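Everything numeric in this text was worked out from a predicted model, so none of it was measured.
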Amino acid sequence: MQLYRPLSHALAPGCERTSWYELDRDNTQLILHRAGVTLQPDEHPTVIDTWKEMEKLVDTGKVKSIGVSNFSIKILSQLLPHCKIIPAINQVEMHPCLPQTGLKSFCEERGILLTAYSPLGRPPVTTNTATTIPILLAEPALLTIAEKHSVAPAQVLVNWAVQRHTIVVPKSEDEGRMKANITLVKLDDEDMNALDTLHERPEMHRSLLSYHGTGGVVFGWTYESMGWDMKPGGIVA
């Protein structure tokens, strides 16, 4: 069993007796430390303080791996010099509109597996900035590739991620979709190029999630603090 447990950096010493301990498990596969959410970057316990406490959980033998979520190159660069254990994974939003190319290279060079959450984007929503987030699954280029291979658009997105050598964790409660998501489809160079360049269109290099505030704040941190080069609304600057 894998446990994806996002933790804020408000995790205090003795956490093994609180949030993790309450799980009452002797074999936790993975715990994640998520950037943002509570304290500001310069408040204690810091990201580094929290990571050192998480390393102690591994020392107990009851936690197999520890990783991070939403960590940018900036935050990883602050953390890594202090690591006894390198993060096993970094789980971030990643799809053709937000391919995370620079972060992908950075993590690969350091042996950190990049994992995509929300790899399919999300249904259409109108944010409080009165802008409509694009529907990735309705993109004509994606639909053309899906029709070419006689598969669902979601399968194309999952296989795009796999062929980039990244991990993908799509969510579904539908048994048919779950089976489709684990069915590999070989995308050719033309397919991959069409998806790799999708973000180059105007206003398409962006987050597709709705947690972006009007003032460039997400998870309680500014984009600058998160190390995200974005404009309000999650559009890459």
Test side-chain contact (heavy atoms from CB on, under 4.5 Å) applied to E200 and H205, step by step: CA-CA 6 Å; E200 296 176 3; H205 195 184; over 6 Å; no
Trace of the side-chain hydrogen bond (donor to acceptor under 3.5 Å, both in side chains) decision for D191 with W160: CA-CA 9 Å; D191 300 332; W160 172 80; over 6 Å; no
Candidate pair Q91 and V169, rule side-chain contact (heavy atoms from CB on, under 4.5 Å), full reasoning: CA-CA 9 Å; Q91 189 179 89; V169 283; 4.2 Å; yes
Criterion side-chain contact (heavy atoms from CB on, under 4.5 Å) on L32 and V68, from CA distance to verdict: CA-CA 5 Å; L32 297 185; V68 295; over 6 Å; no
side-chain contact (heavy atoms from CB on, under 4.5 Å) between R201 and E139, worked out: CA-CA 12 Å; R201 289 165 39 194; E139 276 299 312; 2.6 Å; yes
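Contact check for V92 versus S72: no side-chain heavy atoms found under the 4.5 Å cut-off. Between L136 and P96, some side-chain heavy-atom pair lies under the 4.5 Å cut-off. Inter-residue side-chain proximity for L198 and C97 is flagged as met; some heavy-atom pair is nearer than 4.5 Å. Side chains of K62 and T28 form no contact here, defined as non-hydrogen atoms less than 4.5 Å apart. I167 has its side chain out of reach of L114: every pair of non-hydrogen atoms, C-beta onward, lies at least 4.5 Å apart. Residues L208 and L98 have side chains not in contact (no heavy-atom distance under 4.5 Å, counting atoms from C-beta outward). Between H149 and K186 the shortest side-chain heavy-atom distance does not fall below 4.5 Å.
I75 is not connected to V217 by any chain of hydrophobic side-chain contacts under 4.5 Å among Ile, Leu, Val, Met, Phe, Trp and Tyr, and they are in different clusters. In the hydrophobic clustering of ILVMFWY residues, with side-chain heavy atoms under 4.5 Å counting as a link, M94 and I235 come out apart. Hydrophobic clustering of Ile, Leu, Val, Met, Phe, Trp and Tyr side chains at less than 4.5 Å, counting indirect connections, keeps M204 apart from L143.
Rounded to the nearest 0.5 angstrom, L79 CG and K74 NZ are separated by 14.0 Å. Between L76 atom CG and C83 atom SG the span is 8.5 Å, to the nearest 0.5 Å. Atom OG of S105 is separated from atom CD1 of I73 by 8.0 Å, given to the nearest 0.5 angstrom. Note: D49 CG to M54 CE = 13.0 Å, rounded to the nearest 0.5 Å. In this structure, CG in N90 is found 12.0 Å from CZ in R110, a value given to the nearest 0.5 Å. Taking CD of E55 as the start and CD1 of I86 as the end, the distance is 8.5 Å to the nearest 0.5 Å.
Between the side chain of T115 and the backbone N or O of I89 there is no donor-acceptor pair closer than 3.5 Å. Of the possible polar contacts, one joining the K104 side chain to the R164 backbone as a donor-acceptor pair under 3.5 Å is found. Of the possible polar contacts, none joining the E109 side chain to the F106 backbone as a donor-acceptor pair under 3.5 Å is found. Using modelled atom types, no side-chain atom of R206 and backbone atom of H199 make a donor-acceptor pair closer than 3.5 Å. T144 places a side-chain N or O within donor-acceptor distance of the main-chain N or O of P140, the cut-off being under 3.5 Å. A donor-acceptor distance shorter than 3.5 angstrom exists from the side chain of W51 to the backbone of I85, with no hydrogens or angles considered.
Using a 4.0 Å cut-off between charged side-chain N and carboxylate O, K56 and E53 make a salt bridge.
Within a 6.0 Å radius of CG in D188, more than 12 heavy atoms belonging to other residues, nucleotides or ligands are found. At most 12 heavy atoms of other shown residues, nucleotides or ligands fall within 6.0 angstrom of atom CD in E147.
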Please set out all donor-acceptor pairs under 3.5 angstrom arising from side-chain atoms of residues 224-234, sequence neighbours excluded.
| from | atom 1 | to | atom 2 | distance (Å) |
| --- | --- | --- | --- | --- |
| S225 | OG | T222 | OG1 | 3.0 |

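Closest approach of L142 to P153, counting heavy atoms only: CD1-O, 3.7 Å. Residues L80 and P87 share a closest heavy-atom pair of CD2-CD, 3.8 Å. Here the closest heavy-atom approach between residue L187 and residue N159 is recorded as CD1-C, 4.1 Å. Across every non-hydrogen atom of H33 and F71, the tightest pair is O-CE1, 3.3 Å. When every heavy atom of K64 is checked against every heavy atom of Q29, the shortest pair comes out as CD-OE1, 3.4 Å. The minimum heavy-atom distance linking L157 with L137 is given by the pair CD1-CD2, 3.7 Å.
For the salt bridge (Lys or Arg N to Asp or Glu O under 4.0 Å) condition, the pairs that include at least one residue of residues 77-102, sequence neighbours left out, are D59-K84.
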